[in-house]
A.B. asks: 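Before we start, here is the structure in question, set down as C-alpha cells.
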Amino acid sequence: MELFKYMEMYDYEQVLFCQDKESGLKAIIAIHDTTLGPALGGTRMWMYNSEEEALEDALRLARGMTYKNAAAGLNLGGGKTVIIGDPRKDKNEAMFRAFGRFIQGLNGRYITAEDVGTTVADMDIIYQETDYVTGISPEFGSSGNPSPATAYGVYRGMKAAAKEAFGSDSLEGKVVAVQGVGNVAYHLCRHLHEEGAKLIVTDINKEAVARAVEEFGAKAVDPNDIYGVECDIFAPCALGGIINDQTIPQLKAKVIAGSANNQLKEPRHGDMIHEMGIVYAPDYVINAGGVINVADELYGYNRERAMKKIEQIYDNIEKVFAIAKRDNIPTYVAADRMAEERIETMRKARSQFLQNGHHILSRRRGR
Ligand SMILES: NC(=O)c1ccc[n+]([C@@H]2O[C@H](COP(=O)([O-])OP(=O)(O)OC[C@H]3O[C@@H](n4cnc5c(N)ncnc54)[C@H](O)[C@@H]3O)[C@@H](O)[C@H]2O)c1
Ligand SMILES: CC(C)C[C@H](N)C(=O)O
C-alpha cells in the first residue's frame, strides 16, 4: 500500500507505528479525523497474516469510528488501534503499559477502549500509564465492559428497522437469526427473548451456542446455514464482510440489523440489498451503543444519561431511513451523508479563531 496516497484519498490525519521489543508490542494507531473532537476508538488485538493486513484494518476501522461518532451525535473524532498478536497467548502487562505510554504521548488526541481481543482488564493496565482510556473497571468511576450497552443499542435500532419493514416495532413473534453469540449478541438475545422473539443462532464456539439454546430457547444451526434460514431479521454479530456475493442470494430476511462492524463487503452489496427491498440498519449507526457509553465517561460516567442516549439509536436509525427516502438512496449511503453533513457543518462553525488555553501573545510576558 502506498500509505500517504491512501491517507490523502480518505483524508487521514496521522498513523503511528509503536513497537516495544521487550514486551512484544507491535501496534498501529490510526487517527482519521478530529474535526468533532479527540479521536475515540477501541484497540483490536488480532493475529493478522501480515503487517499490511493490520494496517488496512486499522485505517478502515479508524475511518469507521469517525462516521460512527459523528452519526451518534458525539463530539468525538475517529481513530482505532490494532495490536498484532494472539489475544489468547501474546498479552502481557508490559505490553499494555508500553502501549499506554504511546497513547499518553498523543496528549489526548486519541482515546482508546475495548475492541475485539481486548478486555476491561487490559484497559485497566493501560490506565496505569494514561488517562486517555475508557471502558476501565467501574471501581475507577468508569463504565466497564461496553458490550451490554452495544447490545441495547442494537436492540433499539432493530426495533426501528422492524417498524420500517413490518409497520410495527414489536419484535414479539419475529424470527431473528443471530450470527455469532459472543459478548454483544448474548445480551442482544436476552433483550429479544424477553420481548418474545424467536431466535435462531450460530457460532463457531459450541459453548456460546449451547448457552443461547439453554437460556433463550434458541434453535441452533451450522455457521454456513445461518444466511439461508427462514427468518424475519438477520442479525450479523460476528464478522465483517458477511453481506457479499455469496451470501446475498441466500438471504430470506426482510431486515438486516446487527452489531458487526463493516458488514457490507463492498459498497455495491449495499446497493444490491437495497434493490431487493431489504431494510438495512447501517452497522455503525446501530452498533454505536458501546462508544456512546464509554464517551459518557468524558463527563463523569452517569449510566442513566448514557442509556438515554443509547435509546436514541432508534431515532438515529429512523433519521437514516428518512434521508434514504428523501434522497432516494440506499440506507448505507444515507448514513454516510448524515455523518458527513454533521462533520462539515461543525468544521465550518469552527472556522473562526478561538483562543484555547493561553493566547499566543501571552508568551511575551516577562520578556
Ligand atoms: N463489543 C462491543 O461493544 C462492540 C461494539 C461495536 C461493534 N462491535 C462488533 O460486534 C461484533 C461482535 O463483537 P463482540 O464483542 O460480541 O465479539 P465476540 O468476539 O465476543 O463475539 C463474536 C462471536 O462470533 C463468533 N464467530 C466468529 N466467527 C464466526 C463465524 N464464522 N460464524 C459464526 N460465529 C462466528 C465468535 O466465536 C464469537 O462468539 C464484532 O464485529 C465487533 O467489532 C462490538
Ligand atoms: C470505543 C469502543 C467501545 C468501540 C467499539 N469497539 C466499536 O467498534 O464501536
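Counting starts at 1 for both ligands and their atoms, in listed order.
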A.B. asks: Would you indicate which of Asn69, Asp115, Thr112 comes nearest to atom 5 (C) of ligand 2 when only heavy atoms are counted?
C.D. replies: Asp115
A.B. asks: Please say whether more than 12 non-hydrogen atoms of neighbouring residues, nucleotides or ligands are located less than 6.0 Å from CD in Glu51.
C.D. replies: no
A.B. asks: Using side chain to side chain contact (heavy atoms under 4.5 Å, CB included) as the criterion, point out the one residue from Ile29, Ile31, Leu55 that pairs with Val15.
C.D. replies: Leu55
A.B. asks: Can you see whether Tyr314 engages Asp169 through a side-chain donor-acceptor pair at a distance of less than 3.5 angstrom?
C.D. replies: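 Side-chain D/A pair, Tyr314 to Asp169: present.
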A.B. asks: Tell me which part of Arg44 gets within contact of ligand 1: side chain, backbone, both or neither, using heavy atoms under 4.0 Å.
C.D. replies: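 Under 4.0 Å from ligand 1, Arg44 contributes side-chain atoms alone.
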A.B. asks: Under 4.0 Å, heavy atoms only, figure out whether ligand 1 is touched by the backbone of Val291, its side chain, both or neither.
C.D. replies: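 Contact part for Val291 vs ligand 1: neither.
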A.B. asks: With a 6.0 Å cut-off (strictly less than), is the heavy-atom count around NZ of Lys308, excluding the residue itself, greater than 12?
C.D. replies: no
A.B. asks: Can you tell which part of Asn261 has a heavy atom less than 4.0 Å from ligand 2: side chain, backbone, both or neither?
C.D. replies: side chain
A.B. asks: Could you check atom 6 (C) of ligand 1 against the protein and tell me its nearest heavy-atom contact, residue, atom and distance included?
C.D. replies: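 For atom 6 (C) of ligand 1, the nearest protein heavy atom is Asn287 O, 3.5 Å.
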A.B. asks: Got the closest protein heavy atom to atom 18 (P) of ligand 1, with its distance?
C.D. replies: Asn183 N, 4.0 Å
A.B. asks: Suppose we measure from atom 21 (O) of ligand 1 to each protein heavy atom; which comes out shortest, and what is that distance?
C.D. replies: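 Result: Gly182 CA, 3.3 Å.
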A.B. asks: Would you call Asp271 and Arg268 a salt bridge, taking side-chain N to carboxylate O under 4.0 Å as the test?
C.D. replies: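 Not counted as a salt bridge, because no side-chain N and carboxylate O are separated by less than 4.0 Å.
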A.B. asks: Does Glu114 reach ligand 1, in the sense of a heavy atom lying below 4.0 Å from it?
C.D. replies: no
A.B. asks: Closer than 3.5 angstrom, by distance alone: can the side chain of Thr331 be matched with the main-chain N or O of Tyr280 as a donor-acceptor pair?
C.D. replies: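 At least one qualifying donor-acceptor pair exists.
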A.B. asks: Only one of Ile286, Thr150, Ile310, Leu188 clears side chain to side chain contact (heavy atoms under 4.5 Å, CB included) with Tyr155; which?
C.D. replies: Leu188
A.B. asks: With a 3.5 Å cut-off and no angle check, do the side chains of Tyr6 and Glu56 form a donor-acceptor pair?
C.D. replies: no
A.B. asks: Please identify which atoms of ligand 1 are closer than 4.0 Å to at least one heavy atom of Val116.
C.D. replies: 42 (C), 43 (O)
A.B. asks: Please state which part of Leu40 comes within less than 4.0 Å of ligand 2, counting heavy atoms only: side chain, backbone, both or neither.
C.D. replies: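 Side chain only; the backbone of Leu40 stays clear of ligand 2.
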A.B. asks: Which of the numbered atoms in ligand 2 are under 4.0 angstrom from any heavy atom belonging to Ala113?
C.D. replies: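 Listed by number with element: 1 (C), 2 (C).
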A.B. asks: Report the nearest protein non-hydrogen atom to atom 36 (C) of ligand 1: residue, atom name, distance rounded to 0.1 Å.
C.D. replies: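 Among all protein heavy atoms, the one nearest atom 36 (C) of ligand 1 is Asp203 OD1, 3.4 Å.
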A.B. asks: Is the His191 to Tyr152 ring centre distance short of 6.0 Å?
C.D. replies: yes
A.B. asks: Identify, for atom 41 (O) of ligand 1, the protein heavy atom at the shortest distance, and state residue, atom and that distance.
C.D. replies: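 The closest heavy atom on the protein side is Ala238 O, 3.0 Å.
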A.B. asks: Closest non-hydrogen protein atom to atom 9 (C) of ligand 1, residue and atom name please, with distance?
C.D. replies: Ser259 O, 3.3 Å
A.B. asks: Of all the heavy-atom pairs spanning Met95 and Leu25, show the shortest one and how long it is.
C.D. replies: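 Heavy atoms only, the tightest pair is CG-CD1, 3.8 Å.
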A.B. asks: Which protein non-hydrogen atom lies closest to atom 44 (C) of ligand 1, naming both residue and atom, and how far is it?
C.D. replies: Val184 CG2, 3.8 Å
A.B. asks: Indicate yes or no for a side-chain donor-acceptor contact from Glu114 to the backbone of Asn145 under 3.5 Å, with no hydrogens or angles considered.
C.D. replies: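 Such a contact is absent between Glu114 side chain and Asn145 backbone.
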A.B. asks: For atom 3 (O) of ligand 1, which protein heavy atom lies nearest, and how many Å away is it?
C.D. replies: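 The answer is Thr150 OG1, 2.7 Å.
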A.B. asks: With heavy atoms only and a cut-off of under 4.0 Å, state how Glu114 meets ligand 2: side chain, backbone, both or neither.
C.D. replies: backbone
A.B. asks: Do you know which two heavy atoms are closest between Gly258 and Cys237, and how far apart they sit?
C.D. replies: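 Taking Gly258 first and Cys237 second, the nearest heavy atoms are CA-SG, 4.2 Å.
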A.B. asks: To check you understand the geometry: which heavy-atom pair defines the closest contact between Tyr110 and Ile103, and what is its length?
C.D. replies: O-CG2, 3.7 Å
A.B. asks: Under 4.0 Å, counting heavy atoms only: does Cys237 come that close to any atom of ligand 1?
C.D. replies: yes
A.B. asks: Give the residue, atom name and distance (to 0.1 Å) of the protein heavy atom nearest atom 7 (C) of ligand 2.
C.D. replies: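 Protein heavy atom with the smallest distance to atom 7 (C) of ligand 2: Lys68 NZ, 3.2 Å.
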A.B. asks: State, yes or no, whether a side-chain contact exists between Leu76 and Thr34 at a heavy-atom distance under 4.5 Å.
C.D. replies: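 Side-chain contact under 4.5 Å: no.
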A.B. asks: Check whether any N or O atom of Asn261, backbone or side chain, sits under 3.5 Å from an N or O atom of ligand 1, and answer yes or no.
C.D. replies: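 Yes.
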A.B. asks: Below 3.5 angstrom, do we get any N/O pair linking Lys80 and ligand 2?
C.D. replies: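 Yes, Lys80 has an N/O under 3.5 Å of an N/O on ligand 2.
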A.B. asks: At a non-hydrogen distance cut-off of under 4.0 Å, which region of Ser147 contacts ligand 1 (side chain, backbone, both, or neither)?
C.D. replies: both
A.B. asks: Less than 4.0 Å from atom 28 (N) of ligand 1, is there any heavy atom belonging to the protein?
C.D. replies: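 Flag for atom 28 (N) of ligand 1 set to true, protein heavy atom closer than 4.0 Å.
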